[in-house]
Amino acid sequence: MPSRFAISVVLFLLGVLHAYIGWRLIPALPSLPALQWLLGIWLLLSLPLIPGGLLSRFIKQQPLADRLAWAGMLAMGVFSSLLIATLVRELFLLAAPWLGLHGAEWSSWSALAVLLVAALATIVGFFNARRLAAVIDIDIPISGLPASLHGFTIAQISDIHVGPTIKRGYLDSIVNKVNTLKPDLIAITGDLVDGSVEELAPHTAPLANLRSRHGSYFVTGNHEYYSNAPEWVAEVRRLGVTVLMNEHVVVNHQGASLLVAGVTDYSAHHFDEAERSDPHAALAGGPADVAVKLLLAHQPRSAAAAADAGFDLQLSGHTHGGQFFPWNLFVPLQQPYTAGLNRLRNLWVYTSRGTGYWGPPKRLLAPSEITRLRLVPL
């Protein structure tokens, strides 16, 4: 549970930002008093709803906890768009005299534009987040790839975040879509859940229905550690999915070998030093003659160690592609890659934008994905 001081700081900052939005927009709409009242009421409701939604996981009573989470996350999404649009409006107001735009009419129209942009961003972002993720096809060129592995397919899903707003039906649709791809192997690259096994086991049960030639493989993400990782590792294994924790398996496919390794989350040692993420340990003891070395690692920043260890391909998630603009611009401050296929020395790194979402049910300029990766000769 966050400390009272941390909660007080968050509430203070939220209060200041909500007041700023109201101060800049409400007086600019004198000809629309009903809209002024609606905006004022919304800001007053939004202020407690956002922290309430974030803290709802500590409420045991259902359906109250989930309803509060929905309300808080929707409020967070609206607030984010309102704040960004208000700041952009400030820049336009500063530039307005240079553009020959003067008077209260311009101020009023720009304030109305902020509300329209925020509403549109919220609606479009909600649709993008809640729809079934599209399939993205990616070819991975591998030097010296045996003919029997040409076209070997890996279906990757990541960052589903089963929790207060993502339930069994959402995951069912993902599993059914993955199964229609008939992949050779399925990779689940972390952040499956936001909550305890006790709360969410009925909603993660569809994972047992995943089907592929060589099985499904899972690695932990940071959110598993927020949600009691040992219990989730046991539960995922119970569902028939292989969990790789700094270890590997060797898959034989039509006479050729593929090494599939997985590491614990990059931050795992903050929760349990014994589970420190280690690509070298994941590869240790593996045969030298495998055709491809594949690493599942939740965070892209495992790539440097993976390249040093000698992997050919790393599959990651974590970033959500930024999830919605402009937060995608800040991802590179923490991660080397935001989304897509990148090259680090002899290592290919593919970073999924995620198959679900975290927090606000909102995606803008960062669509969710189910990734079908195909190994092809270089």
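Throughout, numbering of the chain's residues begins at 1 and tracks the sequence. This one's a predicted model, so the numbers in the text were calculated from it and none came from an experiment. Computed from heavy atoms alone, side chains included, the values below leave out hydrogens, waters and symmetry copies.
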Approximate separation, where rounding is to 0.5 Å, of [X] [atom1] and [Y] [atom2]:
X    : Y    : atom1 : atom2 : result
H298 : L192 : NE2   : CG    : 11.0 Å
I138 : I136 : CD1   : CD1   : 7.0 Å
S257 : K293 : OG    : NZ    : 11.5 Å
L364 : I84  : CG    : CD1   : 11.5 Å

If you link I, L, V, M, F, W and Y whenever their side-chain heavy atoms are under 4.5 Å apart, who else ends up in the same group as [X]?
X    : answer
V250 : L259, V263, L283, V290, L295, F311, Y337, L344, L347, V349
L91  : none
I41  : L45, L49, I59, L64, L68
L94  : none

Within a strict 4.5 Å, meaning less than it, do heavy atoms of the [X] and [Y] side chains meet?
X    : Y    : result
Q156 : I186 : no
V78  : L82  : yes
R363 : F126 : no
I188 : V219 : no
S316 : T189 : no
N222 : F271 : no
L74  : P361 : yes
V260 : V249 : yes

Handout entry: Cationic N near anionic O, under 4.0 Å, D184 to R213
Key = yes
Handout entry: Check ion pair D308-R345 (N to O, under 4.0 angstrom)
Key = yes
Handout entry: Joint hydrophobic cluster, Y266 plus W358, side-chain heavy atoms closer than 4.5 Å
Key =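 Per the 4.5 Å side-chain linkage, Y266 and W358 are not co-clustered.
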State whether the side chain of [X] and the backbone N or O of [Y] hold a donor-acceptor pair below 3.5 Å, judged by distance alone.
X    : Y    : value
D159 : H320 : no
T355 : S158 : yes
N252 : G255 : no
E198 : S196 : no
T319 : G322 : no
T122 : A118 : yes
Q36  : G40  : no
N179 : N209 : yes
N128 : P367 : no

Exercise for the section: Check the pair W232, S227 against side-chain contact (heavy atoms from CB on, under 4.5 Å), reporting the backbone distance first and the verdict last. Expected result: CA-CA 8 Å; W232 275 113; S227 305; 3.9 Å; yes
Practice task
Show your working on side-chain hydrogen bond (donor to acceptor under 3.5 Å, both in side chains) between R168 and S173 and close with a plain yes or no.
Solution key: CA-CA 9 Å; R168 180 174 185 139; S173 297; over 6 Å; no
Does a donor on one side chain sit under 3.5 Å from an acceptor on the other, for [X] and [Y]?
X    : Y    : value
Q323 : N328 : no
R89  : S107 : yes
K182 : T153 : no

Which pairs of donor and acceptor atoms, one on a side chain in residues 50-58, lie under 3.5 Å apart (sequence neighbours left out)?
| unit_1 | atom_1 | unit_2 | atom_2 | d |
| --- | --- | --- | --- | --- |
| S56 | OG | G53 | O | 2.8 |
| R57 | NH2 | Y226 | O | 3.4 |

Exercise for the section: Given side-chain contact (heavy atoms from CB on, under 4.5 Å), test R276 with T264 step by step and report yes or no. Expected result: CA-CA 7 Å; R276 180 179 288 270; T264 52; 5.9 Å; no
Practice task
Please check if the distance between the ring centroids of Y357 and H161 is under 6.0 Å.
Solution key: no
Practice task
May I ask you to check whether H18 and F79 place their ring centers less than 6.0 Å from one another?
Solution key: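 Centroid distance H18-F79: below 6.0 Å, so yes.
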Show every donor-acceptor pair shorter than 3.5 Å between a side-chain atom in residues 24-34 and any protein atom, with sequence neighbours excluded, or say none if there are none.
| unit_1 | atom_1 | unit_2 | atom_2 | d |
| --- | --- | --- | --- | --- |
| R24 | NE | E90 | OE1 | 3.4 |
| R24 | NE | E90 | OE2 | 2.8 |
| R24 | NH2 | E90 | OE1 | 3.4 |
| R24 | NH2 | E90 | OE2 | 3.4 |

